[in-house]
Amino acid sequence: MTAPILLILDLDETLIHATAAKIREDFDFQVYHYYIYKRPGLTDFLIRCGAHFTLAVWSSASDDYVRAVVGQIFPATLTPAFVWGRSRCTRFRLPELDEQGFASLDYATSYEFAKRLKKVTRRGFDLKRTLIVDDTPEKVTQNYGNAIYIKPYLGMGEDRELAYLADYLLTLKDEANVRTIEKRHWR
Ligand SMILES: [Mg+2]
């Protein structure tokens, strides 16, 4: 039997919403000064996907924040293959900001952090059997064959996105090469 597909999950606005300004009293937990709201269906999503995929987390947030959040949201029965933060991302300038002359104004908004899957292949994973889920296409722009985009979760309202996504992902679990499958219109 072949190894399960590697499913790399983003954190912020994909699995959770974190905010320094409380938006509802019923936050799930706190990390540093952030109030964390789990996306509806999060635990079910992780359990359903964890049964058929090798799970991993890759966020462009700081490494210690990422580890703290993952420690709170993953069920004890699931261990991610890796938990990566910003130190594993590749920083690049946003060309449209450069063109507008903004790049030198504000360091934080002049750069984007990309998740380059080459770092995953160095760990021995096969890109034909790797999926990466993110709410920000810019962060996975070089990985279009592996990427699945999810609507951002901002901590409020009805949200069934993770349940829909789990249904879709399970249709891919036995694919020999996920890169050849059109995934843009998965919803
Ligand atoms: Mg995100």
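Start at 1 and go down the list; that is how both ligands and their atoms are numbered.
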Original post:
What protein N, O or S atoms come within a distance below 2.8 Å of the Mg ion (ligand 1), ordered by chain and number?
Top reply: D10 OD2, D12 O, D135 OD1
Subject >> Pairs touching residues 53-68 that satisfy salt bridge (charged side-chain N to carboxylate O under 4.0 Å, His left out), sequence neighbours left out >> reply: none
Subject >> Between CD1 on residue I181 and CG on residue L172, distance to nearest 0.5 Å >> reply: 5.5 Å
Original post:
S60 and K115: side-chain donor and acceptor closer than 3.5 Å?
Top reply: no
Original post:
Does a salt bridge link K173 with E175, judged by any charged N lying under 4.0 Å from a carboxylate O?
Top reply: no
Original post:
With distance as the sole criterion, is a donor-acceptor pair present between the side chains of D12 and Y65 under 3.5 Å?
Top reply: yes
Subject >> Check ion pair R187-E161 (N to O, under 4.0 angstrom) >> reply: yes
